[in-house]
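The block underneath contains the structure these notes are about, expressed in structure tokens.
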Amino acid sequence: GDHLRPLWHPDGTRISVGLLPSAGQPGTVALVPLDGGAPSFLPSPDVGFDLPLSWAPDGSFLAVTSIAGESVVNPGRTRLVLVAPTGHRVTVAEGVDVEVVGWVKEE
């Protein structure tokens, strides 16, 4: 399938790659290990697909553009969402002009 926005994981051992919807299933983000092992997958949206944007420095969340449409040609509604490997998804904002600038660590 199509691979969208490859992004290094903070641990340096994996690359996250967005995958388009396929066979009626929403797209997801694959975490592909550099050692050639089997990929793992972040929780997918209910519909559409996720484009990786930026990992939290500790790898606890991946900021994604979550697209409700079925393809990059027909994107539909977009949202900024934080996705945790544990399955938690938090919508931060909606709209096409939302961007991730960086992460802030609280002391």
Side-chain angles (χ1 to χ4, degrees):
D2 292 310
H3 301 87
L4 306 169
R5 285 203 189 143
L7 180 68
W8 286 102
H9 188 277
D11 68 12
T13 67
R14 300 175 277 178
I15 295 176
S16 53
V17 180
L19 303 174
L20 287 175
S22 177
Q25 297 297 313
T28 188
V29 173
L31 298 176
V32 182
L34 298 179
D35 67 4
S40 59
F41 300 91
L42 294 180
S44 62
D46 293 334
V47 296
F49 57 101
D50 291 336
L51 297 175
L53 295 174
S54 176
W55 279 100
D58 64 0
S60 60
F61 283 95
L62 173 64
V64 301
T65 299
S66 190
I67 298 175
E70 57 198 39
S71 71
V72 292
V73 176
N74 180 22
R77 182 187 65 183
T78 62
R79 297 174 293 153
L80 176 63
V81 177
L82 302 179
V83 181
T86 60
H88 196 63
R89 294 179 65 92
V90 178
T91 299
V92 177
E94 292 194 34
V96 295
D97 293 331
V98 177
E99 293 183 34
V100 174
V101 176
W103 291 87
V104 177
K105 182 177 177 182
E106 291 187 17
E107 297 290 330

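- Arg5 has its side chain within reach of Thr65: a pair of non-hydrogen atoms, C-beta onward, lies under 4.5 Å apart.
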Take Asp35 and Thr13 through the test side chain to side chain contact (heavy atoms under 4.5 Å, CB included) and record every step on the way to the result. CA-CA 8 Å; Asp35 67 4; Thr13 67; over 6 Å; no
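- The CG atom of Leu62 sits 8.5 Å away from atom NE2 of His9, with the distance rounded to the nearest 0.5 Å.
- Side-chain atoms of Leu4 and Val17, non-hydrogen and from C-beta on, never get closer than 4.5 Å to each other.
- The structure places CZ of Arg14 at 5.5 Å from CG of Leu31, a figure rounded to the nearest 0.5 Å.
- The CD1 atom of Ile67 sits 11.5 Å away from atom CZ of Arg77, with the distance rounded to the nearest 0.5 Å.
- The hydrophobic clustering, which links ILVMFWY residues whose side-chain heavy atoms are closer than 4.5 Å, places Val83 and Leu7 together.
- With contacts defined as side-chain heavy-atom distances shorter than 4.5 Å, the pair Val81/Val92 does not qualify.
- Of all heavy-atom pairs between Pro57 and Pro10, the closest is O-CB, 3.3 Å.
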For residues 38-56, run the donor-acceptor check on the side chains, cut-off 3.5 Å, and write out each pair with its distance to 0.1 Å, sequence neighbours left out.
residue : atom : partner : partner atom : Å
Asp50   : OD1  : Ser66   : OG           : 2.9
Asp50   : OD1  : Arg89   : NH2          : 3.2
Asp50   : OD2  : Arg89   : NH1          : 2.9
Asp50   : OD2  : Arg89   : NH2          : 3.3
Ser54   : OG   : Trp103  : NE1          : 3.0
Trp55   : NE1  : Ser16   : OG           : 3.2

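- Taking 4.5 Å as the limit, every side-chain heavy atom of Phe61 sits out of range of all side-chain heavy atoms of Thr86.
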